Each structure stands twice: as C-alpha cells, then as structure tokens.
Protein chains: 2
Amino acid sequence: MTTISDVAARANVSTATASRALNGKSSVDPVLAARVVAAARELDYRPNGLARNLRRRETAVLALIISDVENPFFTAIARGVEDVAQAAGYSVVLCNTDEEAAKERRYVEVAIEEQMAGVILSPTGVASAVDLLRDRQTPMVAVDRPLPGAATDTVLVDSRQAARQATVHLAEQGYELIGCLTGPSGVRTADDRLAGYRDGLRATKRRSAARLVRRTEYRSAGAHQATLDLLSQPYPPDALLVANSAMAVGVLQALAELDLRPGRDVGVVAFDDAPWAALLDPPLTVVAQPAYEIGSLAAQLLLNRLTGSHTDPTTTTLSAQLVIRRSSTRHP
Amino acid sequence: MTTISDVAARANVSTATASRALNGKSSVDPVLAARVVAAARELDYRPNGLARNLRRRETAVLALIISDVENPFFTAIARGVEDVAQAAGYSVVLCNTDEEAAKERRYVEVAIEEQMAGVILSPTGVASAVDLLRDRQTPMVAVDRPLPGAATDTVLVDSRQAARQATVHLAEQGYELIGCLTGPSGVRTADDRLAGYRDGLRATKRRSAARLVRRTEYRSAGAHQATLDLLSQPYPPDALLVANSAMAVGVLQALAELDLRPGRDVGVVAFDDAPWAALLDPPLTVVAQPAYEIGSLAAQLLLNRLTGSHTDPTTTTLSAQLVIRRSSTRHP
DNA sequence: TTGTAGGCGTTATCAG
DNA sequence: CTGATAACGCCTACAA
C-alpha cells in the first residue's frame, strides 16, 4: 500500500506539503504541488480513508437503515437519499433490518462505530437503538415513522388521512362491509392506517368490527392467509383496504384463488403505487406515497444538520395521493 | 467520546489489558477482565471502528455494487449476500451505479479508500474500475456479468440458454414472428439474451431480422416506446422476449394501450419472476433467475477469499427456469 | 510557503 | 498474565 509519505518522498517534499497539495487546502507553491500530484499519479496513490477519518473524526458516509430492501417504497426512498447525498459528496450505506429491532440496533452500532456522519432510519418501533444515536449526538432523521421521544427531524406521510380518504372512497362506491389488512401492531404506519380506516368508517356511518380487520407482517404471505381467512367468514367483507404493496400481492393472489374479481366482487385499495399496479386487470387503486421526496427531503435535513444548523427539529408530513383505478369501482 | 483508555483508567489496568479483555483474545485474569467489562458498560463505551480498522488494516464491511436498487433481481441478490455476510459477522454496503461507469468507479474507489474487506459487483461493462481492485488485490466477486480479464470468482446465470429456451417455447406455441427487447449493447446479459434469442430462432428454423429487435436501457420507459415502435410496423411481431421485469412493465403497458392481449395477440415471455407476474391477466410467463442464490453464493466465495483461500478463481453458472404461464400460450 | 512533530483510538509487540 | 510503547496513515498546529 502506498502511503502519503511515499508520495512525499518521491516528490521531495514533506508529508505535510504533500497532504496540503493533495487536499488543495492551504496554499502550496504551484511547482511543488505539481510534483506532488505527479508523484501521486505515478504511484497510483489512494488515500487511506480510515486514517483520514480517524484524524478528522468524521466520515463522508451516511447510513440509511430501512426495514425491507425488497419493498419498492423503501428503495424509492433510497434513491431520493442517494441523489441528494451524492450531490453533496456523501456516500450512502443501505442497511436492512427486516423489521427486527435487534438488527436495527446492530446497524446503528455499526454506524456509530464506523463514525458515520449521520443516520436516516425508519424506526422499527422500539426506541432503544435510537437512544444510542441521541447520546452520541449523531445527526439523525427519522423517515416514514416517528420516533417516540422525538427531538429529531422527521419526515412522514399522512397515512391516517390517506387511509381515511381511501376508506371513504370505498364507501362512496357502495361497498358496505369494508375490511382492513394492516401491518403489525406497534408499527406506526400500520397503526395509523388502521386508525384512518376507522375514521373513514365513522365518517360514513359504518360500524367498525374487529372481525373485518387483520394484522400481519408487511409481507405477501401473511396477507394472503389473512385474506382467505377474512373472506371465509359468514358475512365476509366486500372491500379491503390494504396497507402496502407487498401485502397487496398476497391479497390479490387470494382473491384469484377464490375466484373473486377486484372491483366487482371485492373493492380493493392498497398503499403504494407500484409500477405494476396499473397493469392488473382491473388496474389497482392505490394510495401513492411520495417516496422519492421523503428520501430527498430527509437527506437534505440531515445535510443541514451536518453543516451545523442548530435550528429546532422539524417534522414534515407529506400527503399521499389516492389514485383511483378500477379495482375500487363497482364496474365489472 | 469515551475511549478505551477511559475504560482502562476506570478499571485500573493498562489500555493493553483493556483491549485484550474487551476482545477476548489473549488470556486475561478473570478478575481484571470483569472489572474492564464493568467499566466499559458503566461508561457506555463503544469502540472506534475507524481506529481499530486502521490498526488491523481491514474492515468487516463488504461492498455490494449493483446497477439498480429498484430492480427486484438485484435486491434479491442483496438479500442473499446479506444473509451470508451477516452470519459471518460482516456488514454489507449497498451501492447503486445506475449503470454508469463513472458511478461504479467512484464506488470502487470508496470501497478501496474505506479499506473494505471485499467487493461484490455486477460490472457495467467497462473494466476500468475493476483494475483498481485487481491492482490492490482486494478480494472481489463478479455477479450477473463476467469480467473481461476474468481472473476473478464469478457467479452467472445462463441467460443465453434460458433465452434460447424461452424463444423455442414461443415458437412451439405457434408464434411466427418472435421479437426481442433487450438491454443496452455492451451489457453482457443483454447481449447474451439476444444471442440466446437468435439461437432459439435458428433452432426452430426461423430467420432473425433486425427489425424484430430493439435495445433500450433496462427500464420501463424505453421498453414502452420500443414496443409501440415494434408493433407499429407493417408485419409486427406476434411474440416478444423481454430481457427484464422493468422492461416487461413497459411492454405490457404498451400492449394494453394498443388493446393487444398477451398470449392471444402477442406472446410474451420476460426475464425475472417478479412477485406480481402471476397476478396479471393472463399471468406472465417468465424466466426465473435464482437471484437469492447468486447473492449467497457470491458472498460465500468472497468470504472464502477473505479467509485466505488461494484456490483458482471459479466461474459458476446457475441455470434459470422457464415458468410457463398464460402470456405465452395461445389461449385467449 | 514549508517542515517538524504530535496525536486521532486501537491493537500488536515485546519485555517484564 | 500484564504494561509500556510503537505503529496504523493522515492531518494540522506550530515554528521556521
């Protein structure tokens, strides 16, 4: 490994001058600077980031800790984060928690130990991991889900309002027994979507019934089973509000197996506008969340903190958009 | 920031002993060890990974450099990598190149500068970035696409054979003018799929015609346009082989706009078995690639190198599976 | 403008 | 088994 002192030696200068020349910081005699740059090129010198960061006590790396790399909602967030971070010279490390508090904690520890500059995370719920960051005053932004103690910049989507709107929409289409399939209890977005669903029922003078609600993990398999379960009841729901797109896959599979057609037999609205939603027959009505914007905004907030802004933490709530397609209208 | 010497001081031992106790390496008097551990806990000590890695000259982080975080094929690879890496105590950094050689190079440089333990990448084609790794002898595994010079462990899928098989399948279903939509020239998987398509035509005594082939980037928008283009010709194709699932979205959109029904009007087979493929009407025939296995195998190979295996580089070619659904059969 | 020298936090070496 | 001490590679006072 060639080090800066190799470069310095070859250029016949001190390591200090070499460092200065390479970083373009303080003023260096152009002649010497040229010699240094030439030497560096000849030796194919690459700075050792570890040493540099150890010295500078910071790393130009941001951690983005999310609960599912395979969920398009989160990968869209990742793009938003990455575009902004890149532009500012930061790299982004994507970490996958699988909704497990233990993994989240582990990744937070990694972020701390590697002295990463900041963390963007969608908290799994339990606050434990976050306290570590708070204690160390590592800049942090919460996305998608708020943090309990919440002296933290946060970017959310108004899930509850969106769920309410979707539910009202289903009611207006004439569906009577509207069911809801949401994520695990304790996961804030799942709770919010359920609350919004109940708001919607109330607004349209419907009674909410526990038998119309199922909670599973935010994945296809659970939703599939839950749907079969819901629809095998005596008075099954004639519409479903589904809390994310992975679950929607399971729901639609189940409906197909039961030979029920979305829209005609069972109204369906799902969160997240996946690229394939419009391809289905009938096309799937969705609640489109501004995922890319969440990511880019979160990154922007984090960068502001990194450059020393000491304003009070803000919470931004973006709104989602109901995109009505035919899975939620009474047409056959 | 509390350092190891704080811990040592509080436990009344030297930093050396503290380090040993904390790492459980060499044998330490149980009494002292206990004091150290207690002190560390009381001070909420977190080791500084930078310093440790600088000293150890290695980092327990692997870089996974892929061309598109939003492509389910790559996220599935990521899971495979992550599961294996995690189990071995490594963290995984996911980097997104957007198929741009410049970004690839940048991430490779980051990986080198941060002294990451190894790199798994799906090369964009140009070899430049890879040479950096070779020169430094950073352990590396190529996935999905081979490397030119190729003294490197590689995990591939037999795209060509799979494309051939898919094409033959379409021919056997009675489609006469089979077209092909593939990725950019120079991207190996795109070239292979095209070659396999031509193999398939040849095997079924069909002539290949340039007018039945379109190449665009591996994304939905380009495929959409290309499909409109292909089908607006005098003698349009009656079947299409599509090189990935993002492109399939664009193709299916275009078909819907033209009021053409997959299977009946235009046979369609696409690479990658996305979770939604079976939900479409008609369900989409796909070439399922073993993405998770690619990732886990690649990670395993990399870990072997890290632990000092000096065997010759291997190239593993996994096979893909044609999953026949109704988009490629003549039923209406 | 340049060079010298010290330290970032850890771990490895080598005496004791 | 323990403790000084010397690196790891880089950056930055400080002095020249």
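The analysis underlying the following values was restricted to heavy atoms, covering all of them including side chains, and did not include hydrogens, waters or symmetry mates. Source: prediction; values computed, not measured. Order of the sequence lines sets the chain letters (A, B, ...), proteins ahead of strands, with each chain counted from 1.
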Check if the side chain of B:Arg55 and the base of D:dA7 share a donor-acceptor pair of N or O atoms closer than 3.5 Å.
yes

Which of C:dA5, C:dT2, C:dT11 is nearest the side chain of B:Asn23? It is C:dT11

Which of these nucleotides, D:dC8, D:dC10, C:dT10, is closest to any side-chain atom of B:Leu54?
D:dC8

Using whole Å, what does the distance between atom [atom2] of nucleotide [N] and atom [atom1] of [X] come to?
X: B:Glu58; N: C:dT10; atom1: CD; atom2: P; result: 17 Å
X: A:Asn48; N: D:dC8; atom1: CG; atom2: P; result: 11 Å
X: B:Met1; N: C:dG7; atom1: CE; atom2: P; result: 18 Å
X: B:Asn12; N: D:dA4; atom1: CG; atom2: C1'; result: 16 Å
X: B:Asn53; N: D:dG9; atom1: CG; atom2: P; result: 13 Å
X: A:Ile112; N: C:dT10; atom1: CD1; atom2: P; result: 14 Å
X: B:Glu114; N: D:dC10; atom1: CD; atom2: C1'; result: 13 Å
X: A:Glu113; N: C:dT10; atom1: CD; atom2: P; result: 10 Å

Under 4.0 Å between a side-chain nitrogen and a carboxylate oxygen: does that hold for B:Glu109 and B:Arg136?
no

Salt-bridge contact B:Asp191-B:Arg145 (side-chain N to carboxylate O under 4.0 Å):
no

If the cut-off is 4.0 Å, is [X] near the phosphate of [N], judged by side-chain N/O to OP1 or OP2?
X: A:Thr3; N: D:dG9; value: no
X: A:Arg57; N: C:dG7; value: no
X: B:Arg52; N: C:dG9; value: no
X: B:Ser19; N: C:dT10; value: no

If we check side-chain hydrogen bond (donor to acceptor under 3.5 Å, both in side chains) with B:Tyr218, which of these qualifies: B:Asn71, B:Thr189, B:Asp68?
B:Thr189

5' precedence on DNA chain C between B:Ala51 and A:Ser14 (nearest-nucleotide basis):
A:Ser14

With no hydrogens and no angle check, just 3.5 Å: does a side-chain donor-acceptor pair link B:Thr124 and B:Glu104?
yes

Earlier contact from the 5' end, DNA chain D, for B:Thr15 and A:Leu50:
B:Thr15

For B:Ala16 and for A:Thr17, find the nucleotide of DNA chain D with the closest heavy atom, then tell me which residue's nucleotide is more 5'.
B:Ala16

How is B:Arg20 classified with respect to the nucleic acid when contacts are heavy atoms under 4.0 Å: base, sugar-phosphate, or nothing?
base

Output for pair (B:Asp153 CG, B:Leu301 CG), nearest 0.5 Å, gives 5.0 Å

